[in-house]
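The structure presented is a predicted model; accordingly, all values stated were derived computationally and were not measured. The analysis underlying the following values was restricted to heavy atoms, covering all of them including side chains, and did not include hydrogens, waters or symmetry mates. The residues of the chain are indexed from 1 along the displayed sequence.
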Amino acid sequence: MRLAAAAFVLATAISGAAPADEAGKLVLTGTGTVSVAPDIATLGVGVTTRRESASEALSKNSASTAAVIDALRSGGVAEADLQTSEFSIGLQYKDRKTAGPLEVDYYVVNNSVTATVRDIAALGDVLDRVVRLGANRIGYVSFGVSDPVPHLDEARQMAVADALRKADLYAAAAGIELGPILSISEPSANQQPGFVAMARAESVPIAPGETSLTASINIVWQIKDPD
């Protein structure tokens, strides 16, 4: 009897199910994933400037960053979809070959902006524009769905169906009869954006692919006592 019980626990654990802490209950996790064509893109663009003086580096970087932001605006990016994500000023010392104080080689200013492009068809042109006007860092491009709720609801329905399917399978395999559902909970439901790493951009072809939306559902059943 102990061997049979151990085998059932192992089988359910491997299949994504686990017996509840209390006897007479069974917990199963169902998952559902929906893949949809994205309708928005988020990109990180930046300007890095190196100059011998801090003021010169800052002035040049500010001018280039302003041009990049203007390019994003003229490319159709709304003001609410623009946000500064990084700003820093640093310095690099010269290699010291003899004893003595360190000497500054140059100053570095970094300024990065996150932008949401709601017209994916225009994304390639937007990237071309910002690179031509001063962006020398394209950190990433990620694709997503502006309204994920209906797609997540579909994934939730799939997750429930998955849990119910597993319940029938395990009940038949274990020779038990399941009673009513005691609880349903949702540990997670999220959108997994697709990413395209960008080292540079010049007449950029864009392939947005698909975005995955996944939901997980935990369901607890009462196990009926054998007659």
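- Between Val145 and His151, some side-chain heavy-atom pair lies under the 4.5 Å cut-off.
- Going from atom CD1 of Ile219 over to atom OG of Ser183 covers 8.5 Å, rounded to the nearest 0.5 Å.
- For the pair Arg129/Ser74, a side-chain contact is recorded, criterion being any heavy-atom separation below 4.5 Å from C-beta on.
- To the nearest 0.5 angstrom, Glu177 atom CD is 10.5 Å from Asp225 atom CG.
- Clustering ILVMFWY residues whenever any of their side-chain heavy atoms sit less than 4.5 angstrom apart, transitively, puts Val109 in a cluster other than the one holding Val113.
- Proximity of a side-chain donor or acceptor of Asn136 to a complementary backbone N or O of Thr48 within less than 3.5 Å is detected.
- Counting heavy atoms from C-beta on, the side chains of Leu182 and Lys25 come closer than 4.5 Å.
- Contact check for Asn218 versus Leu28: no side-chain heavy atoms found under the 4.5 Å cut-off.
- The backbone N or O of Ser55 sits nowhere less than 3.5 Å from a side-chain atom of Ser59 that would complete a donor-acceptor pair.
- Leu133 and Val45 are assigned to two separate hydrophobic clusters, defined by single-linkage of ILVMFWY side chains at heavy-atom distances under 4.5 Å.
- Contact detail for Pro187 and Ser216: the closest heavy-atom pair is CD-O, 3.2 Å.
- Side chain of Gln222 to main chain of Gly24: a donor-acceptor pair is present (N/O by atom type, distance under 3.5 Å, no hydrogens or angles).
- Contact annotation: the side chain of Tyr107 approaches that of Leu91 to within less than 4.5 Å [non-hydrogen atoms, C-beta and beyond].
- Nearest approach of Ala115 to Val77, heavy atoms of both residues: CB-CG1, 4.2 Å.
- When hydrophobic residues (I, L, V, M, F, W, Y) are linked wherever their side-chain heavy atoms come within less than 4.5 Å, the members clustered with Tyr106 are Val108.
- Side-chain contact check for Val117 versus Phe143: every heavy-atom pair is 4.5 Å or farther apart.
- Annotation: Gln83, atom CD; neighbour count of heavy atoms from other residues, nucleotides and ligands within 6.0 Å does not exceed 12.
- When all heavy atoms are compared, the tightest approach of Lys94 to Val104 is CE-O, 3.7 Å.
- Here the straight-line distance linking atom CG of Leu123 with atom CG of Leu127 works out to 4.5 Å at 0.5 Å rounding.
- In this structure, Ile184 is a member of the same hydrophobic cluster as Tyr170, with clusters built from ILVMFWY side-chain heavy atoms closer than 4.5 Å.
- Both Ile120 and Val130 are part of a single hydrophobic cluster, where members link through side-chain heavy atoms under 4.5 Å apart.
- When side chains are defined from C-beta on, Phe87 does not count as touching Asn110, because their heavy atoms never get closer than 4.5 Å.
- Around atom CG of Asp147, more than 12 heavy atoms belonging to other residues, nucleotides or ligands sit under 6.0 Å away.
- Here Asp168 contributes atom CG and Leu178 contributes atom CG; the two are 7.5 Å apart, rounded to the nearest 0.5 Å.
- Leu26 contributes atom CG, which lies 5.0 Å from atom CD1 of Ile223 (distance to the nearest 0.5 angstrom).
- Taking CG from Asp105 and CD from Gln92, the interatomic distance works out to 6.5 Å, rounded to the nearest 0.5 Å.
- A salt bridge is defined here as a Lys NZ or Arg NE, NH1 or NH2 lying under 4.0 Å from an Asp or Glu carboxylate O, and Asp162 with Lys166 meets this definition.
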Would you check, one step at a time, whether the test side-chain hydrogen bond (donor to acceptor under 3.5 Å, both in side chains) holds for Asp81 with Thr116?
CA-CA 5 Å; Asp81 291 329; Thr116 299; 4.5 Å; no
For Val47 and Arg137, what are the C-alpha separation, side-chain angles and deciding distance, and is it a side-chain contact (heavy atoms from CB on, under 4.5 Å)?
CA-CA 6 Å; Val47 178; Arg137 285 187 296 111; 5.8 Å; no
Could you list the donor-acceptor pairs under 3.5 angstrom formed between side-chain atoms of residues 32-44 and any protein atom two or more places apart in sequence or on another chain?
| residue | atom | partner | partner atom | Å |
| --- | --- | --- | --- | --- |
| Thr33 | OG1 | Thr214 | OG1 | 3.1 |
| Asp39 | OD1 | Ser146 | N | 2.8 |
| Asp39 | OD1 | Ser146 | OG | 3.4 |
| Asp39 | OD2 | Ser146 | OG | 2.8 |

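- Atom OH of Tyr93 has 12 or fewer neighbouring heavy atoms from other residues, nucleotides or ligands inside a 6.0 Å radius.
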